[in-house]
There are 2 protein chains.
Amino acid sequence: MSAREYLQQHKIQYTIEREEVVTYLMENLTHPTADEVYRGLKLMDSSVSRATVFNTLKTLAEHHAVSTLLIEEGVIRYDISTKPHAHFRCSRCGRIADVVVNSNASFCLPEGYSACNISYVIVGRCPECQEK
Amino acid sequence: MSAREYLQQHKIQYTIEREEVVTYLMENLTHPTADEVYRGLKLMDSSVSRATVFNTLKTLAEHHAVSTLLIEEGVIRYDISTKPHAHFRCSRCGRIADVVVNSNASFCLPEGYSACNISYVIVGRCPECQEK
DNA sequence: TTCACTGCAAATCATTTGCAAGGCC
DNA sequence: GGCCTTGCAAATGATTTGCAGTGAA
């Protein structure tokens, strides 16, 4: 699906900047921060401003067109992947990887609560950072 | 266990300020932010400074005496509870509740990865915020 | 044309840090 | 006494916002 169609599908008004941001996310499934998206676009000769990237990502998140990952202190990472999956963060190098969830854990939600989203964050060591 | 013993057990040097912070966390299992801890202590006539509360919580986390919850954008919440449990956040009022995990989900960790911590965050609606 | 969106710079907010003074071992 | 911790205030870094100009419908 094109970025343009993606915006349409999520009922978000089209602008060149939004298309650029969505395209970047689609081509870089690396859970980037807003600043990483900004710097990535700059390298590709985009003229978007940093504020617009931040605002655009916030808009996309509000429309559930991207999900926000709270996986690292101090920054918000964004993910345009639609399939539910868990995230792995290496405690040494900070690398973030996708992880397939085999089965859902069952939770004892107290009476009256309802869930709409469950996220899993696994912290550990990636292959390069294993203790010898 | 007293706050003093708790510090000792985690090999953290004792100071009055650290004792106050730990005591606060033990008596307020509400996943407070650093600022909430600071304001709570102020109400109890403590003389700790804001920076010390931030630094103390960071120290406690580094010694694994408290866990940091990345459950809300922009702030770090702290939890002194030792039992593994999931966290629920109401998407409307922001309330955070503990949730019992019945069974662990199984994950397909790619070859070579190792996990040391898994956290679950459930976002949804609490009883007071259910749609009618 | 109209109204939402962008760009810039300034503002904000949580958190961290430098440094001098104080307290624990 | 030596060293670690505190307190204050200033610094930092991510994110947001005000406002005027621009572009999409």
Side-chain angles (χ1 to χ4, degrees), chain A residues 2-8 10-25 31-42 44-63 65-78 94 96, chain B residues 3-8 10-24 31-42 45-63 65-79 94 96:
Chain A
S2 74
R4 195 161 199 144
E5 290 167 342
Y6 193 78
L7 288 170
Q8 220 162 46
H10 288 273
K11 300 189 168 57
I12 302 171
Q13 181 178 317
Y14 171 86
T15 70
I16 296 173
E17 292 82 3
R18 291 176 180 181
E19 179 176 32
E20 286 180 352
V21 169
V22 169
T23 300
Y24 183 89
L25 290 175
H31 323 93
T33 62
D35 195 61
E36 284 167 2
V37 173
Y38 171 70
R39 282 184 283 122
L41 290 176
K42 277 298 171 193
M44 296 156 63
D45 285 329
S46 166
S47 61
V48 268
S49 76
R50 186 186 306 270
T52 298
V53 172
F54 275 90
N55 291 332
T56 296
L57 287 169
K58 196 174 191 198
T59 301
L60 291 171
E62 283 165 2
H63 288 258
V66 300
S67 51
T68 60
L69 305 186
L70 303 179
I71 192 172
E72 200 175 327
E73 295 175 14
V75 289
I76 301 175
R77 293 188 169 277
Y78 293 90
I96 291 172
Chain B
R4 194 161 199 146
E5 291 168 341
Y6 193 78
L7 288 170
Q8 222 163 44
H10 288 274
K11 300 189 170 54
I12 302 170
Q13 183 178 315
Y14 170 87
T15 68
I16 295 174
E17 292 81 3
R18 291 176 179 180
E19 179 177 32
E20 286 180 353
V21 168
V22 170
T23 300
Y24 183 89
H31 323 93
T33 62
D35 195 62
E36 284 166 3
V37 173
Y38 171 70
R39 282 185 280 121
L41 290 177
K42 277 298 173 195
D45 285 328
S46 166
S47 62
V48 269
S49 76
R50 186 184 306 267
T52 297
V53 171
F54 275 90
N55 292 332
T56 296
L57 287 168
K58 196 175 191 197
T59 301
L60 291 171
E62 282 164 4
H63 288 258
V66 301
S67 51
T68 60
L69 305 186
L70 303 178
I71 192 173
E72 198 175 328
E73 294 173 15
V75 288
I76 301 174
R77 293 188 170 275
Y78 294 92
D79 193 352
I96 291 172

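Throughout, protein chains are lettered first and strands after them, A, B, ... in sequence-line order, and every chain is numbered starting at 1.
- Atom CD of A:E17 and atom P of D:dT22 are 13 Å apart (whole Å).
- Residues satisfying the side chain to side chain donor-acceptor pair (under 3.5 Å) test with A:T23, not counting sequence neighbours, are none.
- A:L41 has its CG atom 11 Å from the P atom of C:dG7, to the nearest Å.
- Going from atom CG of A:L60 over to atom P of C:dT6 covers 10 Å, rounded to whole Å.
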Short N/O separations, protein against nucleotides 13-20 of chain D, under 3.5 angstrom:
| unit_1 | atom_1 | unit_2 | atom_2 | d |
| --- | --- | --- | --- | --- |
| D:dA14 | O3' | A:G74 | O | 3.4 |
| D:dT15 | OP1 | A:I76 | N | 2.8 |
| D:dT16 | OP1 | A:K58 | NZ | 3.4 |

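- Checking the phosphate oxygens (OP1, OP2) of C:dT6, no side-chain nitrogen or oxygen of A:T52 falls inside 4.0 Å.
- Following rounding to the nearest Å, B:H63 (NE2) and D:dT5 (C1') show an atom-to-atom distance of 12 Å.
- Under the side-chain contact (heavy atoms from CB on, under 4.5 Å) criterion, B:E62 pairs with B:K58, sequence neighbours left out.
- Not counting sequence neighbours, the partners of A:E73 by the side-chain contact (heavy atoms from CB on, under 4.5 Å) test are B:T68, B:L70, B:I76.
- Under the rule for a side chain to side chain donor-acceptor pair (under 3.5 Å), the partners of B:D79 that lie at least two apart in sequence or sit in another chain are B:H85, B:H87.
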Does the side-chain contact (heavy atoms from CB on, under 4.5 Å) test come out yes or no for B:Y78 and B:H31, once each step is laid out?
CA-CA 5 Å; B:Y78 294 92; B:H31 323 93; over 6 Å; no
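- Whole-Å rounding puts the B:R18 CZ to D:dG7 P distance at 11 Å.
- Listed by chain and residue number, nothing satisfies the side chain to side chain donor-acceptor pair (under 3.5 Å) test with A:Q13 (two or more places apart in sequence, or in another chain).
- Atom-to-atom, NZ of A:K11 to P of D:dA25 comes out at 16 Å; the value is rounded to the nearest Å.
- Put simply, CD on A:E20 is 16 Å from P on C:dC5, counting in whole angstrom units.
- For A:E20, the salt bridge (charged side-chain N to carboxylate O under 4.0 Å, His left out) criterion is met by no residue, not counting sequence neighbours.
- With axes fitted over five pairs at each extremity, the angle between the ends of the helix from C:dT1-D:dA25 to C:dC25-D:dG1 is 40° (10° resolution).
- Remark: B:E17 engages B:T15, B:V48, B:T52 in a side-chain contact (heavy atoms from CB on, under 4.5 Å) (not counting sequence neighbours).
- For the pair B:L7 CG and D:dC4 P, the computed distance is 18 Å after rounding to whole Å.
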Can you check each nucleotide of nucleotides 19-25 of chain C against protein heavy atoms at under 4.0 Å and return B for base, S for sugar-phosphate only, - for none, in 5' to 3' order?
-------
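- Remark: A:H10 engages A:Y6 in a ring pair (Phe, Tyr, Trp, His ring centres under 6.0 Å) (not counting sequence neighbours).
- Between the CG atom in B:N55 and the CZ atom in B:R18 there is a gap of 9.0 Å [rounded to 0.5 Å].
- Judged as a side-chain contact (heavy atoms from CB on, under 4.5 Å), and not counting sequence neighbours, the contacts of B:R50 are B:D35, B:Y38, B:F54.
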